[in-house]
Amino acid sequence: MKIIMLGAPGAGKGTQAKKIAEKYQIPHISTGDIFRANIKNGTELGMKAKTFMDQGLLVPDELVCDLVVDRVQQDDCKAGYILDGFPRTIPQAESLDAALAAVGDAVDYAVNVEVPDENIVNRMGGRRACVGCGATYHLVYAPTQKEGICDTCGAELILRDDDKPETVQKRLGVYHEQTQPLIDYYNGKGILREVDGTVAMEDVFQAIIDVLGA
Ligand code: AMP
């Protein structure tokens with residue numbers, strides 16, 4: 001099953017994508033995680049991406065598309081995958097579709113996790129990320145066992161630059177302008193599925209399973 005997760009930054013699509021990947025035993029491919037790993041490792045891609053990410057802007061399509069197209073062609077993607085954070089623009093969606101069509105393939109579902117902007121701003125202020133492994137938590141909704149310390153690897157938690165309030169507002173603007181049009185794009189293809197992202201995490205997950213019909 002090839003699934004795309006859509007939703008505003010902070011809608012919880014990353015959390016849900018991980019759970020879906022686990023349930024269906026398919027790779028979870030997060031472009032945000034790929035960029036953050038590159039930043040951490042000081043690669044050229046990471047340095048280029050960081051200048052955009054820190055400002056709440058999208059990384060240019062040409063730095064993202066080839067990377068994802070290469071990734072989904074790897075062996076572990078044969079039975080499917082879940083894309084989290086890609087595509088974020090119509091040209092990205094078109095380049096993915098073209099790459100898949102070239103091998104007689106297509107995306108099965110685009111799942112949109114709907115959350116109003118007001119909820120997003122509240123949520124992201126409480127989000128904390130691990131400097132070690134990149135795991136994300138929330139001060140209220142998904143707290144760690146020990147405050148400020150990652151449950152998975154024991155490293156320190158921080159408020160990511162791109163989760164700071166002024167950057168969140170900017171990212172929401174970018175989302176509405178560049179990413180939201182993908183909802184119509186996938187609706188037009190008959191593969192859009194929508195779920196309410198404001199309810200409890202487990203209920204969002206169940207709703208996704210229901211719309212995927214699996
Ligand atoms: P995320 O963790 O998915 O919220 O991504 C964090 C940041 O990485 C975004 O705000 C963008 O700057 C960048 N990014 C991630 N995925 C993409 C993409 N598909 N296209 C452009 N920029 C991206």
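Basis for what follows: all heavy atoms, side chains included, without hydrogens, waters or symmetry-related copies. As the structure lists them, so they are numbered: ligands from 1, and atoms in each ligand from 1. Numbering of residues begins at 1 and proceeds along the displayed sequence.
Applying the 4.0 Å criterion to heavy atoms of V64 picks out, from ligand 1, the atoms 18 (C), 19 (N), 20 (N), 21 (C). Within the listing of ligand 1, atoms 11 (C), 12 (O) sit less than 4.0 angstrom from a heavy atom of L57.
Considering backbone and side-chain N/O of F35, none are found under 3.5 Å from N/O of ligand 1. For ligand 1, none of its N or O atoms has an N or O atom of D162 under 3.5 Å away. The N/O atoms of G85, backbone and side chain alike, include one that comes under 3.5 Å of an N/O atom in ligand 1. Taking only nitrogen or oxygen atoms, main chain and side chain alike, S30 does not reach within less than 3.5 Å of ligand 1. Any N or O atom pair closer than 3.5 Å counts here, and D33 shares no such pair with ligand 1.
In this comparison of M5, R88, R36, K13, the heavy atom closest to atom 15 (C) of ligand 1 sits on R88.
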Between N41 and T43, is the side chain to side chain donor-acceptor pair (under 3.5 Å) condition met? List the steps. CA-CA 6 Å; N41 294 329; T43 69; over 6 Å; no
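To the nearest 0.5 angstrom, I20 atom CD1 is 15.0 Å from Y81 atom OH. Within the model, atoms CD1 of I82 and CD1 of I208 stand 7.0 Å from one another, a figure rounded to the nearest 0.5 Å.
For the pair K48 and F52, the cation does not sit on the ring face, since its NZ or CZ is not both under 6.0 Å from the ring centre and inside 45° of the axis.
Looking only at atom types and distance, the side chain of D117 has no donor-acceptor partner in the side chain of Y175 under 3.5 Å away.
Heavy-atom neighbours of K170 NZ from other residues, nucleotides or ligands within 6.0 Å: at or below the threshold of 12.
Distances from ligand 1 to the non-hydrogen atoms of R160 include at least one value under 4.0 Å.
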